[in-house]
Amino acid sequence: MCHGKPCIRGLRYPVEMILELLSSGMTTEEILEDYDDLERDDIFAVLAYVTKT
């Protein structure tokens, strides 16, 4: 959690931000290119989290 929002594994990337990037049309590959410290499993974790909430 960061500022009350769920974040990715201790990074300060809110789940909401990744969802916004995906919904804007960015591919997983483009996101990973722009955010070097993210891993493919992080994006999969975001999607899994959203389906459970």
Side-chain angles (χ1 to χ4, degrees):
M1 297 292 267
C2 180
H3 301 287
K5 296 184 179 187
C7 292
I8 298 172
R9 65 171 173 94
L11 300 174
R12 292 188 161 227
Y13 297 128
V15 167
E16 179 181 3
M17 181 193 82
I18 302 301
L19 292 174
E20 288 173 359
L21 294 174
L22 290 168
S23 69
S24 74
M26 285 186 79
T27 65
T28 299
E29 295 304 320
E30 291 170 330
I31 295 170
L32 294 174
E33 287 175 14
D34 287 353
Y35 299 91
D36 294 334
D37 45 353
L38 283 179
E39 298 173 1
R40 184 173 309 282
D41 285 343
D42 295 328
I43 295 174
F44 292 150
V46 165
L47 297 173
Y49 175 80
V50 170
T51 61
K52 293 180 182 180
T53 59

Exercise. Can you pull the ring-ring contact (aromatic ring centres under 6.0 Å, His included) pairs that have at least one residue in residues 14-34, sequence neighbours excluded?
Worked result: none

Exercise. Do L21 and E30 have side chains that get closer than 4.5 Å, going by heavy atoms?
Worked result: no

Exercise. Any link between Y49 and I31 through a network of hydrophobic side chains (Ile, Leu, Val, Met, Phe, Trp, Tyr) touching at under 4.5 Å?
Worked result: yes

For this session: Could you pull out all residues at least two apart from E33 that satisfy side-chain contact (heavy atoms from CB on, under 4.5 Å)?
Result: none

For this session: Sort and list the pairs that fulfil salt bridge (charged side-chain N to carboxylate O under 4.0 Å, His left out) and have at least one residue in residues 40-53, not counting sequence neighbours.
Result: R9-D42, E29-R40

Problem set entry | Under the side-chain contact (heavy atoms from CB on, under 4.5 Å) test, residues paired with D37 that sit two or more places apart | L11, Y13, Y35

For this session: Quick one: closest heavy-atom pair of L38 and L32, and the distance?
Result: O-CD2, 3.6 Å

Exercise. Looking at residues at least two apart in the chain, or sitting in another chain, which of them share a salt bridge (Lys or Arg N to Asp or Glu O under 4.0 Å) with E16?
Worked result: K5

Seminar exercise, completed: By side-chain contact (heavy atoms from CB on, under 4.5 Å), L47 pairs with (sequence neighbours left out) L19, L22

Exercise. What pair of heavy atoms forms the shortest contact from P14 to C7, and how long is it?
Worked result: CA-SG, 3.9 Å

